[in-house]
Undergrad: 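Below you'll find the structure I mean.
None of these values were measured; they are calculated from a predicted model. All chains are named by letter (A, B, ...) in the order of the sequence lines, taking the proteins before the strands, and each is independently numbered beginning at 1.
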Amino acid sequence: MKNNISKAIDRVDGKGKISGETKYIDDIKFDNLFYAKTVRSEIPKGKILSVKIPTLPKNYFIIDKNDVPGINRMRTVVSDHPIFTEDEVSYIGQPILLVVGADREIISDIVNEIEIEYKEEKAILTIEDAKKEKAIFTDYNYSKGNTKFAFQNAKIIINDEYQTGYQEHIYIEPQGIVAEFKDDIMHIFGSMQCPFFVQGAIQDVLGWETDRIRITHSTTGGAFGGKEEFPSLLACQVAVASLKTKRPVKIIYDRNEDIISSTKRHPSEIHYKVALDENNKISALTIDVNFNAGAFSGISPVVLQRGIFSATGVYNIPNLKVMGKNYKTNTVPCGAYRGFGAPQVVFAIEMLMTNIAKKVKKNSLDFKKKHLLKSGDFTATNGKIRDKIKLPEMIKIAEKISNYKKYSADKKKFKGVGVSLFSHGCGFTGKGENDIKGKIILQKKGKQVFINVSSVEMGQGAETALRKIVSHTLSIPIENVTYEIPDTKKVPDSGPTVASRTTMIIGGLLRSASIELKEKWNEKNDISISRIYKHPDFLKWNDDKFEGDAYPVYSYGVNVAEVEIDPITFEIDVKKMYAVYDVGTVIDERALQGQMQGGMLQGVGWATTEVMNSVDGKLVQNNMTDYKIPTTKDMPNFKCEFVTNPYEFGPFGAKCAGELPLTGPPPAIAEAVSNALGISIKKIPITPEYLMEAMKK
Amino acid sequence: MNIEFQLNNKNEMIEVDPSRRLLDILRDDFGLTSVKEGCGEGECGACIILLDGKAVNSCLLSAGMIAGKSILTLEKFNETDEYKLIEKSFLEAGSVQCGFCTSGMVMSTAGLLNVNSNPNETEIKEALSGNLCRCTGYQMIIEGVKLAVEKIEKEIPLVKSQSRKEEKNKEVPSKQNVKLQRKSLVEILNILDDRDVTIISGGTDLMVKNAGGSGVKPKFKNEPLFIGALEELKQIKLIDNEIHIGSAVTLNELLVNENISEIFKKSISEMASFPTRNIATIGGNIINASPAGDTLPFLYAVDAKLVLKNKNNERMISIKDFILGPGKTIINSNELLTEIIIPAKIYDVNYYKKAGSRKGMTLSKASMIGMISFENNLVSDVRIAFGAVASTVVRSRELEEKIIGKTNQEAQSVYFDICGEYEKLIKPIDDSRSSKKYRKDVCLNMLRDFFVKFDK
Ligand SMILES: Cc1cc2nc3c(=O)[nH]c(=O)nc-3n(C[C@H](O)[C@H](O)[C@H](O)COP(=O)(O)OP(=O)(O)OC[C@H]3O[C@@H](n4cnc5c(N)ncnc54)[C@H](O)[C@@H]3O)c2cc1C
Ligand code: FES
Ligand code: FES
């Protein structure tokens, strides 16, 4: 059944990266370059009383709010983050000003001499505090069926609660942007996911038209959502600096600075009220999703949307009430991170299923299977499931390739196995895709075909996948397909590189354009074909009621985790992760393996070693020594398989893939740990400290 | 200061502040941008290069430490036949995604192949444990390295590779012309006597503690004095049943030395990462006097003696009298730690356990070493020490003596007594890595575990 589009090819950007020749933003030479260093708030909340600047040497500059010609806010979903602090600071790490000049030693000395006097105010530091103070950015809810009735008639009612922690992206390449103001044009280069987001943000901060703002993407050393909205902030800052100094200005974050100030995955608290009917089936759920959004709202509303729309996982819950809140606290703002609000709620719903199963003395997988969505059912938001759901088949494969049955039968202490079932809604949430209307242009000049899109390569393999889709459709060698570096001056706005939409949406548009190009192939002239995304007509979405097709289609996964727990230290050893995925059609087997394994390890890390706490508004784990992502010695053995389930509107049938894999491991691991020790797991990361305490109870 | 060294097979002489990071020198002065900065604190491995053939983190090295040494970066290594096969293998195995970790991965692989031409999976994981990758999940990188090993073995026959190595050496006979610029021990002691300096051995602690960030040199308290290359401090000798370890011996040098006991090796092998262990020294770990210093529990357990020298004198002192508290020792500013002396004795049952935040590259939350010997079915000696759970290592000869002279069974029966006593001595703190409570519980679990182990 394998379509040969799935057959692996060498990554087109592989050689340059392996040989060390590929240039990332910090590797590119600019003449007369100035560097910028940010001075940040040291308190969680308060007023700035004074900023004492030492006498500056010649050609060293301070750039702050007074230098902003346009609006001093970063444009995004909610444009509330000041580019430079005005007179109030709202979190530790909030940027106040830049010190700019040629020599980083001198800049560093100036930074150390700057004295800021604050009047500290009482800060809101936790979701708890924010609840008390009613500090809420966003308050959503939606419902389905008749929960009241279901609860009245319930046989058992269960209340439960789950928590998830921060997650920091730890892209190995830190944030970095260069702004060069030349010939009346502001030209931005840098590590980013969304060149047009950056362009829009610069437009506001400078108050210019887009024709004078050019954004050129540079090779991006990992992003995972961390370079979705956040680079706009740096770009605005250095753009203002370059405008003032008339020099190219570069900002590259040191790791500690990156960790304390960049966005993270929202910590969450999720509460459930469950009604079970006489057959021990869930008849109703109330779900209360609470995210800590940090000091500014930014893109948190859409993160929360995905969170609440994914709140029932892969289960059919007839009666449902979902509430979601983003709390405002004086902590670092949270934002996009692979999975975008979904991994939190999927962890919680999966663990809820596990724990209810335990309560009613059922095997958790059987209990979950009893509730599975199938084609023709309705999602949480009452969207119709049109495509085939292959989860039952996938579960069978997962059972076969893993030792699930054997392990779950032998109840050895300190060893356990756990399963998770999950899905990811493909592309933007709700009316997102419809609003963006991504555009692509495919050109043919002579024998060469050119892809013009704003979707960037950030490691996920977009360049290879897109060139492959075009070359395959046209039956020409991949060398004859050029992927133009995304540059707002040259490429159309195909939307941001987010939401696992690149292959499915942009690839789909390119495939459609390629089919047309194929027909015109023999025409003598150069050919240019463009496409603008149009949502399939049958998809309905009511954005006021949150009702209808929140996503056009879903990708699915089944994970099995095998863990061993050290009986002395309670350290968790995730031995093996088995996975079966349905991502429609696989565009490149090897690339997809890489996406899946890499995403899974991020999930493993988030569930186990990646501890990040904020105490008094300060992140305790604020460098790589303390914030621990998995190493080669911590990785499980991965085995991933795929089932084919083509999606009519995806290129060759492809659906989304990039975010899905992060979602599965945390609940699978948590269930495995819970089975190994005979305790309930209510939060991640599952630290040895947590287990040691839990085992005493 | 003028520093001579060899870079990518060419002799170089630069006028440079000796504190500057090698990473900055390579990137900014030589434009060698395959060397990446991902953290500046020795954690990510993106900056790994080869120093005299060994993989090291260039963010942890300063200019003063490369005098007389040879440096290889990917810009030159990528011209070799080995490299070409690594490239092919990485492509075939899908070892690359964003690529930011990749040059470090390639150089770590090169460093591994220099010491082990046929590594197994565990050895590959060990060698790459100091290279973080956030994209791939590692498995496909490890497969890439395995594939490369196979291909190199097949396609570069030994004869050819040997002759190539000779050729490599021929190309660079001039390394001998590079001035070593090393001071003698006498010179060092004279300087110490003359003025306040900051002694730098491996520099892995000092470079991170005093880091100024990218492009900014670390600010040491005093003028740096580099001792890491001093031959006199790099010896390991067995003399009269005692092992004399030079203070500038690196952790990896200890790991491959036949005189060092397996249990000491175990505690060292769980420290830092492979490339960092190529730089970090035992002397630095001791003077650092960190409660979490991982060589310390063993050194306390065996009553290691330290040799301190100044211009005119030498004194010997036991480690427990030497370390006063976190970061505090009794060393005088004119003294140098030259030697660490440990008994060569091997115990019958040896136990070491470290609790960390993850398996690779992690500082201790708590650790324990236990060693016990029996004679005529009676405990002839026992040593127990805990790390990272008090201001210094916790050890009590008094409690150990309660076990000595007992049969195994009697020893087991005093367990509860001494467990309670150790509980009083263990005074851990809450910090960014763990909690008081956990640390204490883990120690007691380890102690129990040790008793179970020697009971067998
Ligand atoms: C990424 C990373 C991971 C690490 N992991 C671990 C770990 O797991 N466990 C652990 O214990 N440590 C760890 N460390 C800390 C450090 O690497 C070790 O303490 C190391 O052994 C220090 O040795 P050095 O030679 O690099 O010390 P240096 O930085 O050179 O020196 C440390 C101190 O000792 C003084 N000094 C050094 N030699 C002498 C001498 N001969 N006489 C007098 N004074 C001297 C120096 O002046 C300085 O004050 C880690 C460090 C890093 C960067
Ligand atoms: S830059 Fe991360 S180890 Fe050197
Ligand atoms: S490939 Fe991106 S960090 Fe390894």
Undergrad: Given that the side chain runs from C-beta out, which part of B/K88 has a heavy atom under 4.5 Å from chain A: side chain, backbone, both or neither?
TA: neither
Undergrad: Count the heavy atoms of every other residue, nucleotide or ligand shown that sit under 6.0 Å from NZ of A/K29, and state whether that count exceeds 12.
TA: no
Undergrad: What residue in A/K628, A/M692, A/R255, A/M596 has the most heavy-atom pairs under 4.5 Å with chain B?
TA: A/K628
Undergrad: Answer with side chain, backbone, both or neither: which region of A/N256 has an atom nearer than 4.5 Å to a non-hydrogen atom of chain B?
TA: neither
Undergrad: For B/S273, is it the side chain, the backbone, both or neither that has a heavy atom under 4.5 Å from a heavy atom of chain A?
TA: neither
Undergrad: Would you indicate whether the side-chain heavy atoms of A/Y253 and B/S214 approach each other to under 4.5 Å?
TA: no
Undergrad: So that I can tick it off, tell me whether B/K365 and A/E689 are bridged by a salt bridge, with the cut-off set at under 4.0 angstrom between side-chain N and carboxylate O.
TA: yes
Undergrad: With a 4.5 angstrom heavy-atom cut-off, is it the side chain or the backbone of B/I142 that approaches chain A, or both, or neither?
TA: side chain
Undergrad: Does any heavy atom of chain A fall under 4.5 Å from the side chain of B/T136, the backbone, both, or neither of them?
TA: backbone
Undergrad: Sort A/D634 into side chain, backbone, both or neither according to what part of it lies under 4.5 angstrom from a heavy atom of chain B.
TA: both
Undergrad: Quick check on B/K219 against chain A: is it the side chain, the backbone, both or neither that has a heavy atom closer than 4.5 Å?
TA: side chain
Undergrad: So does B/K36 pair up with A/E173, basic N to acidic O under 4.0 Å?
TA: no
Undergrad: Take B/Q139 and A/Q593, measure what side-chain hydrogen bond (donor to acceptor under 3.5 Å, both in side chains) needs, and give me the verdict at the end.
TA: CA-CA 10 Å; B/Q139 188 160 299; A/Q593 274 289 344; over 6 Å; no
Undergrad: With a 4.5 angstrom heavy-atom cut-off, is it the side chain or the backbone of B/A93 that approaches chain A, or both, or neither?
TA: backbone
Undergrad: Considering only heavy atoms, which portion of B/N78 lies under 4.5 Å from any heavy atom of chain A: side chain, backbone, both, or neither?
TA: side chain
Undergrad: What do you reckon, are the aromatic ring centroids of B/F100 and A/Y24 less than 6.0 Å apart?
TA: yes
Undergrad: Would you mind checking which part of A/D109 comes under 4.5 Å of any heavy atom in chain B, side chain (CB onward), backbone (N, CA, C, O), both or neither?
TA: side chain
Undergrad: What part of A/N637 is in contact with chain B, defined as an atom under 4.5 angstrom from a non-hydrogen atom: side chain, backbone, both or neither?
TA: both
Undergrad: Which bit of B/R448 comes within less than 4.5 Å of chain A, counting heavy atoms only: side chain, backbone, both or neither?
TA: neither
Undergrad: Select one option (side chain, backbone, both, neither) describing which atoms of B/V106 are under 4.5 Å from chain A's heavy atoms.
TA: side chain
Undergrad: Go through A/I252, A/T22, A/D26 and name the one with the most non-hydrogen pairs under 4.5 angstrom from chain B.
TA: A/D26
Undergrad: May I ask you to say whether B/R134 pairs ionically with A/E610, meaning some side-chain N is under 4.0 Å from a carboxylate O?
TA: yes
Undergrad: Who wins among B/R358, B/E126, B/K125 for the most heavy-atom pairs under 4.5 Å with chain A?
TA: B/R358
Undergrad: Would you say NZ of B/K440 has more than 12 non-hydrogen atoms from neighbouring residues, nucleotides or ligands within 6.0 angstrom?
TA: yes
Undergrad: Quiz question: by atom type and distance under 3.5 Å, do the side chains of A/Q621 and B/S432 form a donor-acceptor pair?
TA: no
Undergrad: Do B/D28 and A/R104 sit within salt-bridge range, that is, some charged N less than 4.0 Å from a carboxylate O?
TA: yes
Undergrad: Tell me, yes or no, whether the heavy-atom count around B/K151 atom NZ, taken from other residues, nucleotides or ligands under 6.0 Å, exceeds 12.
TA: yes
